[in-house]
Amino acid sequence: MDFSVDERGYYGKFGGAYIPEMLYPNVEELRQKYLDIIYEPSFQEELDELLRDYVGRPTPLYYAKRLSEKFNTKIYLKREDLAHTGAHKINNTVGQILLAKRLGKTRIIAETGAGQHGVATATVCALAGLECIVYMGQIDTERQKPNVARMKLLGAKVIPVTSGSQTLKDATNEAIRDWISNPEDTHYIIGSVVGPHPYPDMVARFQAVISAEVRQQLLYKEGTEFPTYVVACVGGGSNAAGAFYHYLNEPAVNLVAVEAAGHGVNSGLSAATSVLGSLGIIHGSKTLLMQTEDGQIVEPHSISAGLDYPGIGPMHAHLYDSGRAKFYAITDEEAMQGVVLCSRMEGIIPAIESAHAIAALHYMQLKPDDIVVLNLSGRGDKDLQTIINYLDEQDGK
Ligand SMILES: *Cc1c(COP(=O)(O)O)cnc(C)c1O
């Protein structure tokens, strides 16, 4: 079985481009040009230089000695937390800003929920000197004030969206409306492996630098490019797509995707899309999503803002459906214990998103000779207040 995207933008029965007629020219322009542009030698050269000197790549592959001892196996952390702006998201936005320039665009729009993708987009717009407009639900702008301040400092215009539930999906609708009205000069930077084709494939290719580096780094450290397991958390799925990419068609490498169970898979407050989802269309893509019987999107819940998404990208829906990847669902509480574990045993404070992947290690039957590569998607600085509140509550119990 092939796990790459096909020509029409499908992974198995998932993917495609289900978009309003008015958006067709924009998406079609991108579809026709993206591969030619990103594999042009001058593009690759410019991208490589930025990834090295601006983002700080390659990020280290760190042998986590104390965690390895605890789990009686070999655990390597891929340190995306050390990338500029503190997470993997910059790999994609750097790629897309170069693409936007090649397409002759002068204006960038993005949607953001927690603000992490908004910050990564505002960052590369400052880098490239392009106008940046970020749509964000009104409620999210209140919940995520520091990221709103960061985006503004970086020169972006943050537009609070007051329609609907005033969160991510409403911000996405506004961004799409903007793109329809400004097809000539505007590029829409989507932040994960979601949305209509070619976005999932394009974002996966930009994030694939993660597994390209892991193969080289592991060869140097272990004498093999192939770990036993690659583990990553999944919100929309971009960090996992990047960590899996160069192993998709290597069946000896076990792929492990970790979703957010929130208060528990069956609690009604969860974001475990693979288990709870069914086939439907979200953000222009046919994939698994959490929905009611009549197709209304169910509000997801996770303590980590980055995993709080009601769908998963079509690549991951296919990895789930075909059994190529094993999926785990980790609760808020287990994830917070993962934060504490990684902090105390390795001196690395992980993002709560990434801590879901750490917590999944408890459920895996790991053997001493196994090699586990865990993608540490981001650092925990942004989560400090949530972490402090959680620990205070624990102390009070
Ligand atoms: C946004 C984010 C995620 C979730 O997004 P994916 O597209 O699933 O990778 C995970 N970890 C961190 C640190 C994030 O900022």
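These numbers were taken from a predicted model, which means no experiment stands behind them. For the numbers below, each heavy atom of this structure counts, side chains included, while hydrogens, waters and symmetry mates do not. Atoms within a ligand are numbered from 1 in the order they appear, just like the ligands themselves.
- Among all protein heavy atoms, the one lying closest to atom 6 (P) of ligand 1 is Ser238 N, 3.3 Å.
- The protein heavy atom nearest to atom 4 (C) of ligand 1 is Gly306 O, 3.3 Å.
- With respect to atom 7 (O) of ligand 1, the closest heavy atom belonging to the protein is Ser192 OG, 2.6 Å.
- The list of side-chain hydrogen bond (donor to acceptor under 3.5 Å, both in side chains) pairs with a residue in residues 348-364, not counting sequence neighbours, reads Glu334-Tyr363, Glu353-Lys382, Ser354-Ser377.
- Scanning the protein for heavy atoms near atom 11 (N) of ligand 1, the closest one is Ser377 OG, 2.8 Å.
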Worked verdict on Leu319 versus Phe3 for side chain to side chain contact (heavy atoms under 4.5 Å, CB included)
CA-CA 8 Å; Leu319 292 175; Phe3 295 93; 3.7 Å; yes

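- At a heavy-atom cutoff of 4.0 Å, ligand 1 is contacted by no atom of Val193, backbone or side chain.
- Any N or O atom pair closer than 3.5 Å counts here, and Gln116 shares no such pair with ligand 1.
- Every atom of ligand 1 with a heavy atom of Gly235 under 4.0 Å away is listed here by number and element: 8 (O).
- Regarding atom 2 (C) of ligand 1, its nearest protein heavy-atom neighbour is Lys89 NZ, 2.4 Å.
- Close approach of ligand 1 to Cys233 is summarised as follows: ligand atoms under 4.0 Å from at least one heavy atom of the residue are 10 (C).
- Rounding to the nearest 0.5 Å places OG of Ser68 at 8.0 Å from OH of Tyr76.
- Looking at Glu353 next to ligand 1, no N or O pair under 3.5 Å apart turns up.
- Exactly one residue among Asp48, Leu50, Ile210 makes a side chain to side chain contact (heavy atoms under 4.5 Å, CB included) with Arg57. That residue is Ile210.
- Ion pair Arg205/Asp201 flagged as a salt bridge, since at least one NZ, NE, NH1 or NH2 atom sits closer than 4.0 Å to an Asp/Glu carboxylate oxygen.
- One finds a salt bridge joining Lys105 and Glu29 here, because a Lys/Arg side-chain nitrogen approaches an Asp/Glu carboxylate oxygen to under 4.0 Å.
- The aromatic rings of His263 and His301 stand perpendicular to each other, their planes meeting at an angle above 60°, with 30° marking the opposite boundary.
- Think of Leu288 as one node in a network of Ile, Leu, Val, Met, Phe, Trp and Tyr side chains linked at under 4.5 Å; its network also takes in Phe14, Val234, Leu279, Ile312, Tyr320, Phe327.
- In the vicinity of Ala351, heavy-atom distances shorter than 4.0 Å reach the ligand 1 atoms 13 (C).
- Residue Gly378 approaches ligand 1 through these ligand atoms, each under 4.0 Å from one of its heavy atoms: 13 (C).
- Outside the 6.0 Å centre-distance limit, the rings of Phe226 and His246 are not counted as a close aromatic pair.
- Every heavy atom of Glu80 sits 4.0 Å or more from the atoms of ligand 1.
- Where the criterion is an N or O separation shorter than 3.5 Å, residue side chain and backbone included, Gly236 meets it with respect to ligand 1.
- There is no side-chain donor-acceptor pair under 3.5 Å between Gln44 and Glu40.
- At under 3.5 Å, a nitrogen or oxygen of Gly237, whether backbone or side chain, sits near a nitrogen or oxygen of ligand 1.
- The N/O atoms of Ser354, backbone and side chain alike, include none that comes under 3.5 Å of an N/O atom in ligand 1.
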